[in-house]
Structure formats: C-alpha cells, structure tokens
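Okay, structure first, notes after.
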Amino acid sequence: MRIATWNCNSIRSRIDRAAALLERHDLDVLLLQETKCRDDQFPLLPLEAAGYQVAHHGLNQWNGVAIVSRVGLEEVQVGFEQMPGFGDPLVSEARAIGATCGGVRLWSLYVPNGREIGHPHYDYKLEWLKVLRDDAERWLGPDGSAQVILGGDWNIAPTDEDVWDPSFFEGKTHVTPPERAAFAAIVDTGYADLVRPYAPGPGTYTYWDYTQLRFPKKQGMRIDFLLGSPSVQARMADAFIDREERKGKGASDHAPVVITLD
DNA sequence: ATGGTTGTTTTACAA
C-alpha cells in the first residue's frame, strides 16, 4: 500500500500534476493540503476517471484538505473533536479531514502557519496542535494498536537540521521551542516520523520558498510529515521525498512525501 | 534595485 501527502497549493491549478503523481508512484492514497477551493470547485473528474474516490473539505480560497483513495474511503470526518477556530468571531477552518482507507485511519492535516511570533495566529497554531495531540492519542485506541497515519503540512521544522540556515529563522515561526514541543508531544503519544529513517539529513527538505531561488540553491525546510502509529511503523517498507515534483514550471512550493507499507 | 514568487473571490492578503 503506497500513501503520499502533498501540499499542492491549489488543486485547480495543479490537477494535472496530481493525476500524474498518482500514476507515477502507483499511489493508493493521496493526502492533499491547500486545495484552495470549495467542494463544488474541486476538479473530481480526472481523479475519478483514474479510479479514485475523493473526500474534500474546502470552504473558500484558503486552506482546504482532501483524501484521494482507490482502496476505499469510509467514515469520513471533517475536522477533529474540539478543533479550535480562528478570528473574531471564531471560524472553523478547512484544515483537517479523516477517513479509513484500506484498513488504515488517515488524516490530511494543514497545521496553521502561525504567521509571526506573538500574532494571534501563532497562539491559534499552538492550541490547534494541543487539541490534535489529545485526539490523536485517543485515535490509537484503548490498547494503542490502531493503524493511524497523521499526514500533512505541519508548518514546523522539528530540529535545526530541518532548515537550510538556523540563523535565518531566528525570531521566526516554524522553529520556536513551543512549536517544536507541540510537535514532539504528538510524537511522544506513540506516533513516529515514518520517512526520516529512509531520508536522512542534513539538507533533506520538503518545502522551498518560491522567492529568492530557494529551490535551486537547496535552501529549504522539512515541514511535511507522515506520522504513523506503532502498528503502521511495523509495516514500513520504503519512503522518499519526491523532490522531482518541485522542479519545472508550475510546481507547488512543497514536494510530495511518499511511503510504502507491506 | 530595500525587491526577487505563487495562489485566490486579486489591486489585498496569505503563504
């Protein structure tokens, strides 16, 4: 079973790349973030024609998450329990969708960016992660044996090795101790980074800013992850970051992250 | 040259 996560940065502008990605890697499931469209705007036909079902949650031009599967798509859940909202008044955003595909419980997650340290969005990010941690722990089941994958754009670089220049990020989001602690708290419940053993650092990234020629200069960040419960960890056969997808005209600023389960 | 790029319901804002 092959599963990928990809922040596509608008599915309407990159539906051809998404379809090619499914075919190129023979994917069974694709978790998408930043689809940037409403449900009625999602380009379903090219994916359905390729034999996939789609569960999408999008409210407007911001955020948007989806699960694309050819191994079943059951018990779809939009958002998680007590997921915080943002703004005044509080609005629930399209940042989480869960479904069961081929016996695995999968979540496509788009963690809030945080914008700037001290910004309300930064506090929102930390609270969002805290609530996710509590729910994710319950998803492991009473004996911790459930097959669960938490995939997506986490907007956190867990260690200094996960950014091209730690000094560049001083005073910026994505690398602060509270953000890293929030990420570590989810790992501590029993989830593990499924990809890192197959894609060691340094210099291994999943995102490169569009500006400043960051990609050709290899100046990126590792912020997209597939985290797996222990029973998923035990099935790991292979993993890689599809850096090729970041190349060429019309690429997303994120690369897909792909795993293979036995 | 105080910028440099993408996307969206665009000429503002989010990333």
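Heavy-atom basis, side chains included; hydrogens, waters and symmetry copies ignored. Numbers restart at 1 for each chain; the letters A, B, ... are given by sequence-line order, proteins then strands.
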Per-nucleotide protein contact string for nucleotides 3-12 of chain B, where B marks a base within reach and S marks sugar-phosphate only (heavy atoms under 4.0 Å, - for neither): -BBSBSB---

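- Taking atom P on both nucleotides, dT2(B) is separated from dG7(B) by 25 Å, rounded to a whole Å.
- As rounded to the nearest Å, dT6(B) and dA1(B) have P atoms that lie 24 Å from one another.
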Start with the C-alpha gap between W128(A) and F80(A), add the side-chain angles, then the distance that decides, and say whether ring-ring contact (aromatic ring centres under 6.0 Å, His included) holds. CA-CA 10 Å; W128(A) 199 93; F80(A) 47 84; 4.9 Å; yes

Apply the test salt bridge (Lys or Arg N to Asp or Glu O under 4.0 Å) to residues R24(A) and E245(A): give CA-CA distance (whole Å), side-chain angles for both, the deciding distance (0.1 Å), then the verdict. CA-CA 11 Å; R24(A) 180 164 77 252; E245(A) 176 56 42; 3.1 Å; yes

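- A side-chain donor from one of T5(A) and Q33(A) sits under 3.5 Å from a side-chain acceptor of the other.
- On the P atoms, dT8(B) is 25 Å away from dG3(B), given to the nearest whole Å.
- Within the structure, ring pair (Phe, Tyr, Trp, His ring centres under 6.0 Å) contacts touching residues 42-71 of chain A (residues at least two apart or in different chains) are F42(A)-H56(A).
- If you measure from atom CZ of F86(A) to atom C1' of dA15(B), you get 14 Å, rounded to the nearest angstrom.
- Heavy atoms of N113(A) sit under 4.0 angstrom from primed sugar atoms or phosphate atoms, though from no base atom.
- Residues satisfying the side chain to side chain contact (heavy atoms under 4.5 Å, CB included) test with R180(A), not counting sequence neighbours, are I156(A), D160(A), V175(A).
- Proximity of E161(A) to R222(A): side-chain heavy atoms (C-beta onward) are nowhere separated by under 4.5 Å.
- In this structure, the CG atom of D153(A) is 17 Å from the P atom of dA14(B), given to the nearest Å.
- Protein atom OH of Y122(A) is 19 Å distant from nucleotide atom P of dA14(B), rounded to whole Å.
- The P atoms of dG4(B) and dA12(B) are separated by 15 Å, rounded to the nearest whole Å.
- In this structure, M221(A) atom CE and dA15(B) atom C1' are separated by 11 Å, rounded to whole Å.
- Y207(A) comes within contact range of no nucleotide atom at all, as no heavy-atom separation falls under 4.0 Å.
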